[in-house]
Number of protein chains: 2
Amino acid sequence: MARPPTPLLNRERIRKAALELLDVHGPSGFSMRQLAAALRVSAPSLYSHYATKDEVLDDVVDAVIADVDTSGFRHGWRQGVLTWARSYRDALLAHPGVAPLVASGTQHRERFLAMADRVHGGLVGAGWPSRRATEISGAVKFLVIGAVCTPFASGFSDDPSVYDGRFPNLSQAHRLRAQAARIDRDAFELGLVALVDGLAASPDAPP
Amino acid sequence: MARPPTPLLNRERIRKAALELLDVHGPSGFSMRQLAAALRVSAPSLYSHYATKDEVLDDVVDAVIADVDTSGFRHGWRQGVLTWARSYRDALLAHPGVAPLVASGTQHRERFLAMADRVHGGLVGAGWPSRRATEISGAVKFLVIGAVCTPFASGFSDDPSVYDGRFPNLSQAHRLRAQAARIDRDAFELGLVALVDGLAASPDAPP
DNA sequence: ACCTGAACACCGTTCAAGT
DNA sequence: ACCTGAACACCGTTCAAGT
């Protein structure tokens, strides 16, 4: 079936199937051949719509980032940063397979730049020096990316005998795994609020 | 040359060559076949010493983590956290290819647990409730991993025309790239100090 | 025990060929 | 323009064979 009357594929269909494949099988289970199979098409067909695998993944990241909320700066820089960071984390947490792609990408995409632009504008508009605004954006992004790339609590074993004796301070660590999602969120929230509080207390902080 | 009198390989030689290969070619350029070639050996030979590629990478991570300094808790929890976070970042920044491996790994390795144990012990010993200590460890780790996985400033383009008009707040963004390393460090330092300051100001903070 | 070449089931991507 | 099968240069890993 070559050149069917109505095209079998378009970028949107490919992007949606790619996101689904990432969600279900994770980044390591994602391949152009698997993606093509999910779309009931041969692998080279994808190259009529995307030049490379990375371009497909770039588009997926872009779509996920679209949900990030930068409107909070209307209510001051603190609220702006809190809303941005939380919605950024939420968006990536909804698609864990996408997080590593955000971390490693060079992110020249429109939506990334638009997001960075609004955040920087919000901070400078509130009175932060441009230089400080850049650093604050960076620090918050680090926290979000870290929180989303490396689930902290789930990194521990759920077998208590792993810790017994050898790591006395982690003797309760096996309980971490059971509540991993909550602990990861609490750790993120603690870090985010402490960071914003610390910034508010700094000498050059705007009111 | 089968079964030579003196073995050609051992885990240490493999691990060192693997780290070098990662440093030079990055994670995407790392393969068991390339590693074997660097050691002037056939690829299957590696499987006499490591069961899988992941096991090799695990060992490399473990060796890099060995440099992390958790001794600062002798001088109080603030100094402990600052020293830990900075040396953790330094260790990973010295081997950028290793950072994504730390982020994605489940990290059951001895040295990870030993590090987590000392940090948790240091925080609890200083007077933080165990629960809070876990969250603080997590938040700091998020910041470090984020800082090391996703170079912030270098994610921007060095072509000014990319920003002109469309992203007014980023009009100076092309200057970021030139000083990317310094800006990334400043953003990390700002975030780290603000986080520790914010923690120190919290209601349940020990003296 | 430790190394080898051959082989299996995968990759991303290119290309000539079809409509 | 859009899709196909065949092919190229790669993967990680297994396995029988050698010493």
Side-chain angles (χ1 to χ4, degrees), chain A residues 1-62 97-98 100-101 104-106 109, chain B residues 1-62 97-98 100-101 104-106 109:
Chain A
M1 195 196 328
R3 169 66 166 149
T6 184
L8 297 175
L9 298 176
N10 56 55
R11 286 172 72 101
E12 192 191 354
R13 260 175 52 71
I14 294 174
R15 175 168 43 74
K16 287 187 175 176
L19 180 56
E20 199 177 323
L21 195 60
L22 270 172
D23 284 342
V24 175
H25 292 100
S28 68
F30 179 90
S31 76
M32 292 298 266
R33 290 169 128 105
Q34 293 284 324
L35 177 56
L39 289 160
R40 302 186 175 287
V41 127
S42 78
S45 304
L46 299 169
Y47 291 87
S48 295
H49 303 267
Y50 285 97
T52 62
K53 177 186 178 181
D54 280 345
E55 210 174 270
V56 177
L57 295 175
D58 238 38
D59 235 19
V60 171
V61 170
D62 205 54
V98 175
L101 307 175
S104 64
T106 41
R109 311 222 91 242
Chain B
M1 194 195 331
R3 168 68 165 150
T6 183
L8 296 174
L9 297 177
N10 55 55
R11 287 172 70 101
E12 192 192 352
R13 259 175 51 73
I14 295 174
R15 175 169 42 75
K16 288 189 174 175
L19 179 57
E20 198 176 326
L21 195 59
L22 270 171
D23 284 342
V24 175
H25 292 100
S28 68
F30 179 89
S31 76
M32 293 297 266
R33 289 170 129 105
Q34 293 285 324
L35 177 55
L39 289 160
R40 303 188 175 284
V41 129
S42 79
S45 303
L46 299 169
Y47 291 85
S48 295
H49 303 267
Y50 285 98
T52 62
K53 177 186 178 181
D54 280 345
E55 211 175 89
V56 176
L57 295 175
D58 238 38
D59 235 20
V60 172
V61 170
D62 205 53
V98 174
L101 307 175
S104 63
T106 43
R109 310 221 92 244

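Chain identifiers are assigned alphabetically (A, B, ...) following the order of the sequence lines, protein sequences preceding nucleic acid strands; residue numbering begins at 1 within each chain.
- For the segment residues 46-54 of chain B, the set of residues with a heavy atom within less than 4.0 Å of an atom of DNA chain C comprises B/S48, B/H49, in numerical order.
- The side-chain contact (heavy atoms from CB on, under 4.5 Å) test applied to B/R13 returns B/L9, B/N10, B/L39, not counting sequence neighbours.
- A/D62 is linked by a salt bridge (Lys or Arg N to Asp or Glu O under 4.0 Å) to A/R109, A/R111, counting only residues two or more places apart in sequence or in another chain.
- Among residues two or more places apart in sequence or in another chain, the side chain to side chain donor-acceptor pair (under 3.5 Å) test is passed with B/S42 by B/S45.
- Scanning for side-chain contact (heavy atoms from CB on, under 4.5 Å) contacts around A/S48 gives an empty result, with sequence neighbours left out.
- DNA chain C is contacted by B/R33, B/V41, B/S42 of residues 23-42 of chain B, taking any non-hydrogen atom closer than 4.0 Å.
- The side chain of B/P44 lies closest to C/dG5, out of C/dT13, C/dC3, C/dG5.
- The salt bridge (charged side-chain N to carboxylate O under 4.0 Å, His left out) pairs that include a residue from residues 38-55 of chain B are B/R11-B/E55, where partners are two or more places apart or lie in different chains.
- Rounding to whole angstrom units, CZ of residue A/R13 and C1' of D/dC3 are separated by 13 Å.
- To the nearest 0.5 Å, the span separating OG1 on A/T52 from CG on A/L46 amounts to 11.5 Å.
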Next item on the list: Toss me the dot-bracket line for DNA chain C: Watson-Crick and G-U wobble, both under 3.5 Å, 5' to 3', using | for pairs to another strand and [ ] for crossers.
Entry: ||.|||||...|||||.||
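- Contact annotation for A/P7: backbone-only contact, meaning every heavy-atom pair under 4.0 Å involves sugar-phosphate atoms and none involves a base.
- Considering CG of A/D23 and CZ of A/F30, their distance stands at 11.0 Å, rounded to 0.5 Å.
- The CG-C1' distance, from B/L8 to D/dG18, rounds to 15 Å in whole Å.
- Scored by the side-chain contact (heavy atoms from CB on, under 4.5 Å) test, B/Q34 finds B/L21, B/S31 as partners (sequence neighbours excluded).
- Partners of B/E12 according to the salt bridge (Lys or Arg N to Asp or Glu O under 4.0 Å) rule, which considers only residues two or more places apart in sequence or in another chain, are B/K16.
- Every side-chain contact (heavy atoms from CB on, under 4.5 Å) that B/A43 has, sequence neighbours left out, goes to B/R33, B/A36.
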